[in-house]
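Quick one: the structure is below, and I'll ask about it shortly.
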Amino acid sequence: MTSLTPRPPQGRRGDLFDPQCPTRRLLDRIGTKWTSMAIKVLAEASPEEVRFAELQRRMTGVSQKMLSVTLQGLSRDGLVGRRVEASVPPRVYYRLTPLGLTLEQPLAALREWAEEHMAEVDRANQLGEASAADG
């Protein structure tokens with residue numbers, strides 16, 4: 001299937017407001033809480049590998065299915081490497097690729113911003129809720 005919106009030539013930026021823009025699609029994938037957590041855990045372990053079960057244990061609240069989907073997407077995007085050890089049951093290990101390692105710094109900056117401004121965002125939400133309740 002071809003898109004009506006032409007893709008920008010290699011190395012050029014697309015239109016972030018176009019749903020078919022490759023940059024937008026990538027931001028949709030890397031902008032999730034589970035991706036951010038997985039990248040953080042794997043970056044902390046780098047260059048070592050982390051088993052699937054350890055990732056799930058460290059990422060409180062993530063289901064096995066959601067972690068699997070997240071890691072499959074990161075692997076498909078070339079951000080995470082996967083290794084399966086032939087055993088019963090099989091042991092699956094993950095690590096950041098060199099490309100994946102470059103994502104840790106921007107995500108760390110975003111996490112830092114969130115921590116720095118969370119109180120302000122909470123206050124704004126409380127004001128909005130109070131305003132809506134006053135109707």
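Note that this is a predicted model, so its numbers are computed, not measured.
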Could you give the side-chain donor-acceptor pairs of residues 96-107 under 3.5 Å, partners two or more places apart or in another chain?
unit_1: T97; atom_1: OG1; unit_2: G78; atom_2: O; d: 2.6
unit_1: T97; atom_1: OG1; unit_2: L79; atom_2: O; d: 3.2
unit_1: T97; atom_1: OG1; unit_2: L99; atom_2: N; d: 3.4
unit_1: T97; atom_1: OG1; unit_2: G100; atom_2: N; d: 3.0
unit_1: T102; atom_1: OG1; unit_2: L99; atom_2: O; d: 2.5
unit_1: E104; atom_1: OE1; unit_2: R111; atom_2: NH2; d: 3.4
unit_1: E104; atom_1: OE2; unit_2: R111; atom_2: NH2; d: 2.8

> Is Y93 reachable from F52 through a run of I, L, V, M, F, W or Y residues, each pair having side-chain heavy atoms under 4.5 Å apart?
Replying inline: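 They do not share one cluster, since no chain of ILVMFWY contacts under 4.5 Å joins F52 to Y93.
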> Mind checking what makes side chain to side chain contact (heavy atoms under 4.5 Å, CB included) contact with R58, not counting sequence neighbours?
Replying inline: V41, E44, E54
> Taking R95 for the side chain and L42 for the main chain, is one N or O donor matched with an acceptor at less than 3.5 Å?
Replying inline: no
>> Would you compute the distance between atom CD1 of I39 and atom OG of S46 and round it to the nearest 0.5 angstrom?
In response: 10.5 Å
> With sequence neighbours left out, what residues match R91 under salt bridge (Lys or Arg N to Asp or Glu O under 4.0 Å)?
Replying inline: E85
> Pairs in or reaching into residues 56-88: which pass ring-ring contact (aromatic ring centres under 6.0 Å, His included), with residues at least two apart or in two chains?
Replying inline: none
>> Per the salt bridge (charged side-chain N to carboxylate O under 4.0 Å, His left out) rule, what does the pair list look like for residues 115-127, sequence neighbours excluded?
In response: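 For residues 115-127, and leaving out neighbouring residues, there are no salt bridge (charged side-chain N to carboxylate O under 4.0 Å, His left out) pairs at all.
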> Who are the side chain to side chain donor-acceptor pair (under 3.5 Å) partners of R82, not counting sequence neighbours?
Replying inline: Y94
> For T32, what residues pass the side chain to side chain donor-acceptor pair (under 3.5 Å) criterion, not counting sequence neighbours?
Replying inline: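 In terms of side chain to side chain donor-acceptor pair (under 3.5 Å), with neighbours along the sequence ignored, T32 is linked to T35.
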> With sequence neighbours excluded, what pairs up with E49 under the side chain to side chain donor-acceptor pair (under 3.5 Å) test?
Replying inline: R83
> Please, which pairs that meet ring-ring contact (aromatic ring centres under 6.0 Å, His included) have at least one residue in residues 99-133, sequence neighbours excluded?
Replying inline: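 Matches after skipping sequence neighbours: W113-H117.
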Can you list, pair by pair, the side-chain donor-acceptor contacts under 3.5 Å of residues 59-66, counting residues two or more places apart and other chains?
unit_1: S63; atom_1: OG; unit_2: M66; atom_2: N; d: 3.0

>> Any heavy-atom pair between the side chains of V92 and L71 that's under 4.5 Å?
In response: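 Side-chain contact under 4.5 Å: no.
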> Can you name the side chain to side chain contact (heavy atoms under 4.5 Å, CB included) partners of R29, sequence neighbours left out?
Replying inline: R25, L26, D77
Can you give the donor-acceptor pairs under 3.5 Å from side chains of residues 124-135 to other protein atoms, not counting sequence neighbours?
unit_1: N125; atom_1: ND2; unit_2: V121; atom_2: O; d: 2.9

>> Is there a continuous path of hydrophobic side-chain contacts, each under 4.5 Å between heavy atoms, that joins V80 to L27?
In response: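 In one cluster: yes.
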